[in-house]
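This report concerns only the one structure given below.
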There are 2 protein chains.
Amino acid sequence: MALPNGPVATSSKAEAVLFELIDVYDRAYEAAAAELSLSSAQACVLGRLDERRGMGALAEELGCDASNITQIVARLEGLGLVAREPNPRDRRARLVARTPRGDEVNHRFAEAFTFARTAIGRLSPDEQDQLTALLRKALG
Amino acid sequence: MALPNGPVATSSKAEAVLFELIDVYDRAYEAAAAELSLSSAQACVLGRLDERRGMGALAEELGCDASNITQIVARLEGLGLVAREPNPRDRRARLVARTPRGDEVNHRFAEAFTFARTAIGRLSPDEQDQLTALLRKALG
DNA sequence: AATCAATACTTGATTCACTCAAGTAATGAA
DNA sequence: TTCATTACTTGAGTGAATCAAGTATTGATT
């Protein structure tokens, strides 16, 4: 489990609750991944392959070095969850796609990671809209 | 930068905004730590030493193995930010405390990590209360 | 057509976080 | 006095992440 990101001195109740939410969310994500013997990073990459795409696109979206993606994808490939195919349009590039097993594992991960769904589900539709509006405003 | 924890398929707007918030929060935390040449884990441990305490207490609070804390504290000690003192009441145990430099770095970290403060600050006091109530309800 | 910088990705080296198993030393209860 | 427990450290191993350097291909320029 990664250590929580915070709290520094929380200066308001809202900040403290926000931190708690994030901590619980992050831990739930990691735990769901661990149920499937995946790391958070692996679950993250697997979840972004609904469509086949290049390594570079993944690195850019995830804001990390390309070599990091190379590594993570290599492990997922070793697990039989993704496949790297040559890109017919550009022989430098490779397209990554989930295998059928990868689809299944990804699906099971989505089922195992219930936290966000459950948390949101505790709110009425009206409350969900309020929360969405507040968070959007907070995000600026 | 750690890869983001999500989104799987986001099944509602609220879930998507929540994920975005968490992603931005986590990245801001890591970036603030990086400004001070700290890792997230180091900033986290440093931030939990407002009072001197034992290694075991830290490990329990942070939900990780004691040996993980040993390592992180050793690095912080190497940086001169914390000190390990013998516990006069129990010679097996050691008490960890921030040094004056550690206090200063921790203070600067709290200043550098503006995200949560800023985000909450975009809301009126009433809205902050609403958000707190909604998040508490969502947390169950 | 030939050249060459830019692009897409990989490889290798290094650091750190994290976990588990095993070890040491001190404590406290029988 | 014995011995399990506690508190922490050490060592080994994995994975994430970054950086620097390398390869192959592409595409623009001459």
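Source: prediction; values computed, not measured. To find a chain, count down the sequence lines: A is the first, B the second, and so on, and within it residues start at 1.
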Leu76(B) CG to dA17(C) P: how many Å, rounded? 8 Å
Pairwise N/O distances under 3.5 Å, protein to nucleotides 4-11 of chain D:
| from | atom 1 | to | atom 2 | distance (Å) |
| --- | --- | --- | --- | --- |
| dT6(D) | O4' | Arg92(B) | NH1 | 3.4 |
| dT6(D) | O2 | Arg92(B) | NH1 | 2.4 |
| dC8(D) | OP1 | Met55(B) | N | 3.3 |
| dC8(D) | OP1 | Arg94(B) | N | 3.2 |
| dC8(D) | OP1 | Arg94(B) | O | 3.2 |
| dC8(D) | OP2 | Gly56(B) | N | 2.6 |
| dT9(D) | OP1 | Arg84(B) | NH1 | 2.8 |
| dT9(D) | OP1 | Arg94(B) | NH1 | 2.8 |
| dT9(D) | OP2 | Thr70(B) | OG1 | 2.6 |

Stepwise, does the side-chain hydrogen bond (donor to acceptor under 3.5 Å, both in side chains) test hold for Asp126(B) with Ser124(B)? CA-CA 5 Å; Asp126(B) 261 12; Ser124(B) 72; 5.7 Å; no
Residues that Arg101(B) engages under side chain to side chain contact (heavy atoms under 4.5 Å, CB included), provided they are two or more places apart: Leu81(B), Thr99(B)
In whole Å, what is the span from the CG atom of Leu38(A) to the P atom of dT14(D)? 17 Å
Rounded to whole angstroms, how far apart are CG on Leu58(B) and C1' on dA17(C)? 16 Å
dist Glu15(B):CD -> Gln128(A):CD (nearest 0.5 Å) comes out at 9.0 Å
I need the CG-C1' distance between Leu46(A) and dG15(D), as an integer number of Å. 17 Å
Classify Ala2(A) by what it touches in the nucleic acid, base, sugar-phosphate, or nothing, heavy-atom distance under 4.0 Å. sugar-phosphate
If I take atom CG in residue Asn68(A) and atom P in nucleotide dT15(C), what distance separates them, rounded to the nearest angstrom? 17 Å
In whole Å, what is the span from the CD atom of Gln42(A) to the C1' atom of dA17(D)? 14 Å
Separation of Arg91(B) atom CZ from dG28(C) atom P, in whole Å? 11 Å
Hydrophobic cluster membership, with links at side-chain heavy-atom distances under 4.5 Å among I/L/V/M/F/W/Y: are Tyr29(B) and Val24(A) in one? yes
Within 6.0 angstrom of Glu61(A) CD, more than 12 heavy atoms from elsewhere: yes
Applying side chain to side chain contact (heavy atoms under 4.5 Å, CB included) to Asp23(A) and not counting sequence neighbours gives Pro4(A), Phe19(A), Arg27(A)
For dC16(C), take OP1 and OP2 only and decide whether either is under 4.0 Å from a side-chain N or O of Ser39(B). no
Just the rounded figure in Å: distance from C1' of dA16(D) to CG of Leu3(A). 15 Å
Do any N or O atoms from the side chain of Arg122(B) and from the backbone of Arg117(B) form a donor-acceptor pair under 3.5 angstrom? no
On DNA chain D, more 5' by nearest nucleotide between Arg75(A) and Pro88(A) is Arg75(A)
